[in-house]
Student: 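I'd like to ask you about the structure that follows.
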There are 2 protein chains.
Amino acid sequence: MRSANEPEADDATLVRLLRRFTVESDQFTRLFGDAHGLHRTDMNALVIVMEATRRGEPITPTELARALHLSGSATTTVLDRLVAAGHVRRDRDQTDRRRIELATSPTAMKAGERFFRPLGVELSRAWRDFSDDERAVIARFLTASIDATAQTRARLSQPRATAGDEAP
Amino acid sequence: MRSANEPEADDATLVRLLRRFTVESDQFTRLFGDAHGLHRTDMNALVIVMEATRRGEPITPTELARALHLSGSATTTVLDRLVAAGHVRRDRDQTDRRRIELATSPTAMKAGERFFRPLGVELSRAWRDFSDDERAVIARFLTASIDATAQTRARLSQPRATAGDEAP
DNA sequence: TTCCGATAGTTCGGTTTTCGAATTTCTGGG
DNA sequence: CCCAGAAATTCGAAAACCGAACTATCGGAA
């Protein structure tokens, strides 16, 4: 289709574009936080709890702490803020009464949807001209990039053996 | 090329993949911060200063504060930390002696390159099978997504007129 | 059953980050 | 020369975060 007339997209260009997208995306979510009196950590926590709620697998404070790379005590205060603001509810697990299941309130869910809807609409508009084949290419690209990043991170965070042996 | 046998990539799927990439990318940079005793804000600041230095357009503390969405005083202490750690240098502008130009030290630059090199290598490996045409599609997709996000953000942060009029 | 170690979550005191309000130094015009 | 404004910093005060101690609960073992 379009080999000439198109700016060449070498590896460095793709990296640059991905970086620009991540910072732009970050700025957008920060806008939501500013509009609702939530700073970065609260935003991240709310998104994670929302995602878990929507998926039907409610998250616990300990799991949230791990996801946020935050201490347990700091996570408690984060949840205190979110609960005080009416965005999150703490539900005790009845089978194991030590555990607590976090749930997002319907109002917070609605607020989030209302805020992110315009972005979804605009993205859909920006993507409407991509064919199924092109979408498949893009999905393949993103999946490969995610896997490469996760794999490199796992390798760098676990500099166990340099080669060969695995099992004890 | 590949219409069947490929998982369908509708809008929701692409959004999900983009989100997964941003969080994965975030985790990776956080790993660098942990390895060098830098928390989130210091990392962000260092990356911004690095980018400006590499581009040959050194950034000032005020611009950095705006980029970080941070107050001026907080930015000063961030810079104090980065300077104390030997990562950043403050150079007074000679033509306007009020201003200060930030510059990253060569050691910090090298450390950053050494750390992010493995990721670049892995990404290049993950992307090596994409043709020039496919890369063009991906670049077009990313550019469109960046523009859509930036445009939506600008619109939501400036709810001036609902329709029609622009110029005074 | 009762006891004990482990687990989930919170509370508490202390350190680090961030902010808003001065303060200092410098520029550019009137 | 003088003054409004800009750039960066300093100075308390408020907020976020952490590590350790604490409470409540579960799951077995004696």
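Each chain gets a letter, A, B and so on, in the order the sequences are listed, and its residues count up from 1. Just so we're clear, the structure is a prediction, and the values are computed from it rather than from any experiment.
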Student: What is the separation between atom CG on L70(A) and atom C1' on dA16(D), rounded to the nearest whole Å?
Tutor: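 From L70(A) CG to dA16(D) C1': 9 Å.
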Student: Tell me whether the OP1 or OP2 atom of dT18(C) has a side-chain N or O from T41(B) closer than 4.0 Å.
Tutor: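 The answer is yes; a side-chain N or O of T41(B) sits under 4.0 Å from OP1 or OP2.
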Student: Please name the pair of heavy atoms, one in T53(A) and one in A103(A), separated by the smallest distance, quoted to 0.1 Å.
Tutor: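 Heavy-atom minimum between the residues: OG1-CA, 3.8 Å.
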Student: Under 4.0 Å between a side-chain N/O of R97(B) and OP1 or OP2 of dC26(C), yes or no?
Tutor: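 Answer yes for this pair, as a side-chain N or O of R97(B) is under 4.0 Å from OP1 or OP2.
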Student: Establish, with yes or no, whether the OP1 or OP2 oxygen of dT16(C) is under 4.0 angstrom from a side-chain nitrogen or oxygen of H39(B).
Tutor: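 H39(B) to dT16(C) OP1/OP2: no side-chain N or O under 4.0 Å.
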Student: Would you say the side chain of R98(A) and the base of dT7(C) hold a donor-acceptor pair, judged only by whether the two atoms sit under 3.5 Å apart?
Tutor: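 Answer yes: a donor N or O sits under 3.5 Å from an acceptor.
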Student: Figure out the CG/P separation between D80(B) and dT18(C), and round it to whole Å.
Tutor: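 Nearest whole value for this atom pair: 12 Å.
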Student: So does R99(A) get a side-chain nitrogen or oxygen closer than 4.0 Å to the phosphate oxygens (OP1/OP2) of dA24(D)?
Tutor: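 No.
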Student: Measure NE2/H69(B) against C1'/dT17(C) and give the value in whole Å, please.
Tutor: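 Whole-Å distance recorded here is 18 Å.
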Student: Would a line drawn from the ring center of F21(A) to the ring center of F28(A) be shorter than 6.0 Å?
Tutor: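 Not under 6.0 Å, so no.
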Student: Kindly say whether, by distance alone, the side chain of T76(A) makes a donor-acceptor pair under 3.5 Å with the base of dG9(C)?
Tutor: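 Looking at the base of dG9(C), it does not pair with any donor or acceptor on the side chain of T76(A) (distance under 3.5 Å).
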Student: Expressed in angstrom and rounded to an integer, what is the separation of L38(B) atom CG from dT16(C) atom P?
Tutor: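 Roughly 15 Å, once rounded to whole Å.
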Student: Rounded to whole Å, how long is the line connecting atom CZ of R40(B) with atom P of dC18(D)?
Tutor: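 Going from R40(B) (CZ) to dC18(D) (P), I get 13 Å.
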Student: Return the nearest nucleotide to the side chain of S73(B); candidates are dC18(D), dA7(D), dT10(D).
Tutor: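 From the listed options, dT10(D) comes nearest.
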Student: Looking at side-chain heavy atoms only, is the closest gap between F141(B) and E134(A) below 4.5 Å?
Tutor: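 Not in contact.
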Student: Is any side-chain nitrogen or oxygen of R90(B) closer than 4.0 Å to OP1 or OP2 of dT9(D)?
Tutor: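 Result: yes.
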Student: Quick one: do the T62(A) and T60(A) side chains pair a donor with an acceptor below 3.5 Å?
Tutor: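 Absent: no donor and acceptor within the cut-off.
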Student: Given dT18(C), dA8(C), dC17(D), identify the nucleotide with an atom nearest to the side chain of A74(A).
Tutor: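 Per side-chain heavy atoms of A74(A), the pick is dC17(D).
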